[in-house]
Amino acid sequence: MTNQISKTTFLKYLRCPRAAAFEGDAAAIVRDYQRNLAHIGGEEKAKILEEETKEKLRQLFIRLIENDEGGAESEAEIESGDFDGLLKDDLTLKAMLSTYFKIEQLTAEKAKKTFGGQVLSGMRVGDQVIGQRYINLFKDGFNFHSFVDVVQEDDSAVRIIEAKSTTSKKFAELGPKKNKELCPIFERSPFGVLRLKEDFEDFKPFDKYYDNREKLMDRFRDVGRYVYDLAWQRYIIENSTDDKREYRYYLAVLNSDYVFDGRQDEKGENIYDADDLIVLVDLTQVTKDMLLIVDRDVNTVIDRINKPDFSRVPLEKPKCKINGSYDQCPWLKICMKDLMVPDKNSLYVYRGGHTGFGPASDKSKEKVQKEKIEELIWRGITKALDIDYDWLNDTQKVQYDVIKSGKTFVDKKVIKAMFKDLKYPLFHLDFETMNFPIPMYRGEVPYQQSLFQYSLHIERTPGVCDKEKDNVSFLSTGKTDDREEFIKSMIKNIPANQGGTVIVYNAIFESGRLRELIEMFPKYAVELNSILERIYDLKDILDPSKKIIADYEYLKSKPCTFNYYNESFQRSYSIKKVLPVFAPHLDYANLDEVHNGLDAQAAFMRLKYLEGKAFDETYKNMIEYCKQDTWAMFEIMQGLRKLINEK
DNA sequence: TCAGAGCTTGTTTCGGCAAA
DNA sequence: TTTGCCGAAACAAGCTCTGA
């Protein structure tokens, strides 16, 4: 039997030798699980199947990593919870399928318009896309295969187009900066195609042109990973066809400057101008230069499948995607355990630790090279307290002390002074948004954070606020463009003439949204500006930003940046880490349906299609979630008040 | 007057974090 | 997946000093 290797599988094997070895043995177990799950009836049975599968994986991994090099020891034993990520059904991905398909359709339209000829793309049947061009290459007993999103061809040329749901920005703005001015390495051709400057006749290479071009060829970079996909396709095609026509290779991405004009058809569906929304990026020359890299990678993958190697590998940030979320290595937890890196209070807990650790630099002597976290871990220094105290900066020393003593760090004097600057009534405000690749409403751009909900708790005098009575909110029904209703409701509840501080958590987000509203709805500019000017970031009280430090005389002399640090924060000041310390009784897990911002987005997507009781249920759950968010802010402030008034 | 060393200052790049 | 912000490192440019 020939081994089938899809592009996704290929990339999994390419991560590292150990990931490849794990993949081979674990993939069969995961495949079995998915097959059985499809035929199983009832939630309870599915739960049992999941537990059984995790136990199988656990047993497998205990065997795999307990090799002669040591491996996981009892204190860092592998738990079945370490496989959660592997078995999780990707709901977000499923919800996005129709959007990805829409982008492919628009790409086909654009290709037809730009180049004419024959255009072949997929057709949607349920959750499947059929009819795309199949490409494959047999090599050393393997079948490397893939589908091409869009193929355009005529008598003389074939154009291979890979559609990606990212924006043109990262290509259009690639290039060095000189005196704060960008020198892009791409330029729009008369046909509106983004091409490298070298493709134009009058090309003269400028400083750092080739450094930036190199970035396109590095699959661990933001731009490079898209280009790699295309180069892989090219490799398969060039090694499996003897077609003599000219082949050109393009990525299709969303134009970040596209503004949706709000046009709709008679059924109320949005009409997009494909020619304007889609940008083609010509990567023919770059992908050609990458063929050698891909060839080497293909041989590496074949080798790894034929000779699995389970031995330990050093962690590498860009490869393993440590701290990355969606593209993190699925085996990272296993490697971490194997290297004795604890879940809590590891070396990764230090703020600014990514730059490494080393002796404090002495101005009179030469600079000492810092050691990266991954190097230290490889040497067996894995816990936060393992590190030499003198190798830490002032902020990190505070973290060390907190872990060592188990006591929270609090600068009561500073927090007290910051509280004095608040003007009552306090408006605790929180937004929920939807960021869709393709804009939803008139005036929006790709990935616009489109506002659909807010919650507001009004605290008229210090410490006096009722969770129900003092709460107002707005939630769009999702069936129409309600943004103007949203604004009217908000400016009524936060009056411009009344004063009072507007409290938000992580102000960058809320102020950004307000500025966008002013841009799109200038007739409310005065009222919206009044809110914008009164915004105060609750996070600044715990962890002051640079701007706040500059504003407050008493913060300037502080060596450590924190005002408050608790061990359970694990360096993060996100509200989900902070809230449990101040209000352990407020648990997001107790809410129905919506537990975080991404759940709220998913619920809002459903809302559009719900009616009657189901609609009411989801609508209510969304209101409750957002209310909890602003109430949490009030509770954190109450906790801080109690703290600073203690003797 | 010039070249080179060493220092200071400014700019660019990078990685990480927060929100949804 | 996006945005903006931040701090540190890396790099670049300009200055002074020194010795010839």
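In this text, all values refer to a predicted model and were calculated from it rather than measured experimentally.
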Enquirer: Counting only side-chain N and O atoms of A:Lys215, is one of them less than 4.0 Å from OP1 or OP2 of B:dT13?
Expert: no
Enquirer: Do any side-chain nitrogens or oxygens of A:Ser572 fall under 4.0 Å of OP1 or OP2 in B:dA18?
Expert: yes
Enquirer: Looking at C:dT1, B:dA18, B:dT12, which one has an atom nearest to any side-chain atom of A:Lys539?
Expert: B:dA18
Enquirer: Strictly distance-based, threshold 3.5 Å: is any side-chain N or O of A:Lys479 a donor or acceptor partner for the main-chain N or O of A:Lys608?
Expert: yes
Enquirer: Between A:Tyr226 and C:dT1, is there a contact of a side-chain N or O with OP1 or OP2 at under 4.0 Å?
Expert: yes
Enquirer: For A:Ile508 and for A:Gly356, locate the closest nucleotide of DNA chain C by heavy-atom distance; then report the residue assigned to the nucleotide nearer the 5' terminus.
Expert: A:Ile508
Enquirer: Under 3.5 Å, is there a donor-acceptor pair linking the side chains of A:Tyr454 and A:Glu432?
Expert: no
Enquirer: Between C1' on C:dC6 and CZ on A:Phe509, what's the gap in Å once rounded to a whole number?
Expert: 19 Å
Enquirer: Within the 4.5 Å heavy-atom criterion, are A:Glu374 and A:Glu316 side-chain neighbours or not?
Expert: no
Enquirer: Just compare C:dT1, B:dA18, B:dC14 and give me whichever is closest to any side-chain atom of A:Arg225.
Expert: C:dT1
Enquirer: Touch check for A:Pro176, heavy atoms < 4.0 angstrom, all strands: base, sugar-phosphate only, or nothing?
Expert: sugar-phosphate
Enquirer: Which nucleotide in the list C:dG4, B:dA20, B:dA18 gets nearest to the side chain of A:Tyr573?
Expert: B:dA18
Enquirer: Can you measure A:Tyr350 atom OH to C:dA8 atom P for me and round it to whole angstrom units?
Expert: 16 Å
Enquirer: Under 4.0 Å, counting only non-hydrogen atoms across every strand here, what does A:Glu432 touch: a base, just sugar-phosphate, or nothing?
Expert: sugar-phosphate
Enquirer: Return whichever of A:Ala600 or A:Lys177 has its heavy-atom-nearest nucleotide of DNA chain B closer to the 5' end.
Expert: A:Lys177
Enquirer: Would you mind reading off the distance between A:Gln448 atom CD and B:dA19 atom P, rounded to a whole angstrom?
Expert: 20 Å
Enquirer: B:dC17, OP1 or OP2 - any side-chain N/O from A:Arg571 closer than 4.0 Å?
Expert: yes
Enquirer: If only side-chain N and O atoms of A:Lys576 are considered, is one of them under 4.0 Å from the OP1 or OP2 phosphate oxygen of B:dA20?
Expert: yes
Enquirer: When the distance from CZ of A:Phe569 to C1' of B:dA18 is rounded to whole Å, what number comes out?
Expert: 15 Å
Enquirer: Among side-chain atoms of A:Ser168 and A:Ser256, is any donor-acceptor pair under 3.5 angstrom?
Expert: yes
Enquirer: Give, for atom CG of A:Leu451 and atom CD of A:Gln448, the distance between the pair rounded to the nearest 0.5 Å.
Expert: 8.5 Å
Enquirer: Provide, to the nearest angstrom, the distance between the CZ atom belonging to A:Arg513 and the P atom belonging to B:dA20.
Expert: 11 Å
Enquirer: For the pair made of CG in A:Asp543 and P in B:dC17, what is the distance, rounded to whole Å?
Expert: 12 Å
Enquirer: Consider the side chain of A:Asn435, meaning its heavy atoms from C-beta on, and name the nucleotide among C:dT1, C:dC5, B:dA19 that approaches it most closely.
Expert: C:dT1
Enquirer: Taking NZ from A:Lys208 and P from B:dT11, how many angstroms apart are they, rounded to a whole number?
Expert: 14 Å
Enquirer: Heavy atoms only, 4.0 Å cut-off, all strands: where does A:Lys164 land among base, sugar-phosphate and nothing?
Expert: nothing
Enquirer: Go through C:dG4, C:dT1, B:dA20 for me and flag the one nearest to the A:Tyr447 side chain.
Expert: C:dT1
Enquirer: Below the 4.0 Å mark, does C:dT1 have OP1 or OP2 next to a side-chain nitrogen or oxygen of A:Lys170?
Expert: no
Enquirer: Return no unless some side-chain N or O of A:Thr166 is found under 4.0 Å from OP1 or OP2 of C:dT2.
Expert: yes
Enquirer: Once you round it to whole Å, what is the distance between P of C:dT2 and CZ of A:Phe431?
Expert: 23 Å
Enquirer: Determine: side-chain N/O of A:Arg515 to OP1/OP2 of C:dG4, distance under 4.0 Å, yes or no.
Expert: no
Enquirer: For the residue pair A:Asp401 and A:Tyr389, confirm or rule out a side-chain donor-acceptor distance under 3.5 Å.
Expert: yes
